[in-house]
Amino acid sequence: MSDLDKSIDGAVKLLGTARSVVVSTGAGISKESGIPTFRDAPNALWANYDPQTLASPEGFRQDPALVWRWYEDRRRMIGAAKPNPGHFAIAKLQEFFDDFVVITQNIDDLHRKAGSQNIVEVHGNVFRYKCFDMEHPIEELPDDDNVPPKCSCGSLIRPDVVWFGEMLPASALERSFASLERCDTMLVVGTSGIVYPAAGFPAVAKRAGANVIEVNPEATPITMEADVFLKGPAGEVLPVLVERFMETRSE
Ligand code: BV8
């Protein structure tokens with residue numbers, strides 16, 4: 001039996017005694033849907049730009065049209081992407097627990113498309129818009145040639161996502177901390193564990209006494225806190241984990 005097999009059996013055991021589960025995901029779970037992670041070299045078009053600058057209010061103020069076009073480009077790519085077996089495995093696992101929350105740093109809406117419920121989007125959603133100055137929600141983009149388009153209040157429209165240097169939505173933080181402080185098992189999937197406050201979520205769960213299972217092809221700062229480390233791509237590891245877990249439920 002390989003090390004990964006042994007670790008998956010260890011994770012199945014932890015899920016077998018779980019009552020309250022939090023799954024926390026980052027860009028890695030969408031990699032197998034064809035969406036590059038932040039660590040990946042950006043496609044040639046954006047190779048000369050730093051995502052941390054583009055994904056910031058300063059970057060938007062400096063060149064609103066450039067940032068708008070970056071998000072339009074990403075929105076088109078994300079819109080064409082489909083959930084992968086990793087997203088579907090999490091949606092399937094949710095069926096076995098009354099208390100199961102998915103906290104995602106991703107803005108790609110793929111957990112919802114895969115059928116997950118109880119999703120907390122801590123960094124927003126690339127398919128939602130608001131205006132920059134007043135945060136007016138924008139249901140329908142105006143049909144004008146402005147790049148970026150303008151809100152009826154005159155402010156520029158931006159994607160409703162959390163940029164670097166911006167606070168996370170209070171409601172998303174409250175829901176995240178409430179679920180982390182009551183969970184007994186946390187699955188951390190496809191995140192480099194670098195961007196805060198999301199990078200601190202596993203430590204909150206650990207302090208609350210939870211077991212932490214990490215899924216990632218590489219070790220991260222979270223790995224040393226994890227009780228089980230499943231070294232591999234989410235799209236391959238999660239379906240095996242959920243299948244083995246379901247076998248224990250049918251015995
Ligand atoms: C905040 C939405 C309070 C937008 C994102 C100095 C000045 C200002 C702020 C700071 C500062 N120093 C620190 C900060 C705080 C800052 C921060 O943490 N910076 C880091 C860089 C040190 N955080 C913030 O600014 C946050 N707000 O703190 O407010 C505040 C306010 C003012 C001043 C101080 C504090 C807001 C952060 C949110 C930014 N928005 N996204 C958009 O998407 O366009 S962040 C974005 O990057 C993602 O959402 C995600 O959070 C992060 C990328 O991380 P990952 O998701 O982990 O992806 P990554 O590419 O890094 O890693 C992929 C992983 O997948 C890897 O581990 C890889 O091995 C793995 N993988 C690859 N393939 C697979 C796989 N895993 C599984 N399966 C596979 N197949």
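One-based numbering, in listed order, for ligands and for the atoms of each.
Looking at atom 1 (C) of ligand 1, its nearest protein heavy atom turns out to be E166 O, 3.4 Å. Nearest protein heavy-atom contact of atom 79 (C) of ligand 1 is G28 O, 3.2 Å. At the shortest separation from atom 22 (C) of ligand 1 among protein heavy atoms lies I194 O, 3.9 Å. What sits closest to atom 41 (N) of ligand 1 on the protein, heavy atoms only, is H123 ND1, 3.7 Å.
Checked against the 6.0 Å centroid criterion, the rings of F164 and F38 do not qualify as a close aromatic pair. Checked against a 6.0 Å centroid threshold, the rings of F60 and W163 count as neighbours.
With a 4.0 Å heavy-atom cut-off, ligand 1 is reached by the backbone of T37 and by its side chain too. Contact annotation: for R74 versus ligand 1, heavy atoms closer than 4.0 Å belong to the side chain alone.
Note on ligand 1: G165 sits in its first shell, one or more heavy atoms being nearer than 4.0 Å. Judged by the shortest distance from any of its heavy atoms, G235 lies outside the 4.0 Å radius around the atoms of ligand 1.
Summarising the local packing, CG of D144 is surrounded by more than 12 heavy atoms from other residues, nucleotides or ligands at distances under 6.0 Å.
Protein heavy atoms are absent from the space less than 4.0 angstrom from atom 7 (C) of ligand 1. By the definition of a contact as any protein heavy atom under 4.0 Å away, atom 14 (C) of ligand 1 is not in contact. For atom 4 (C) of ligand 1, the nearest protein heavy atom lies closer than 4.0 Å. The presence of a protein heavy atom under 4.0 Å from atom 11 (C) of ligand 1 is ruled out. When distances from atom 48 (C) of ligand 1 to the protein are checked, a heavy atom turns up under 4.0 Å. The protein reaches atom 74 (C) of ligand 1 closely, with a heavy atom under 4.0 angstrom from it.
Between D108 and K113, none of the side-chain N atoms (NZ, or NE/NH1/NH2) sits under 4.0 Å from a carboxylate O, so this pair counts as no salt bridge.
In this view, E214 and T220, T223 satisfy the side chain to side chain donor-acceptor pair (under 3.5 Å) rule, not counting sequence neighbours.
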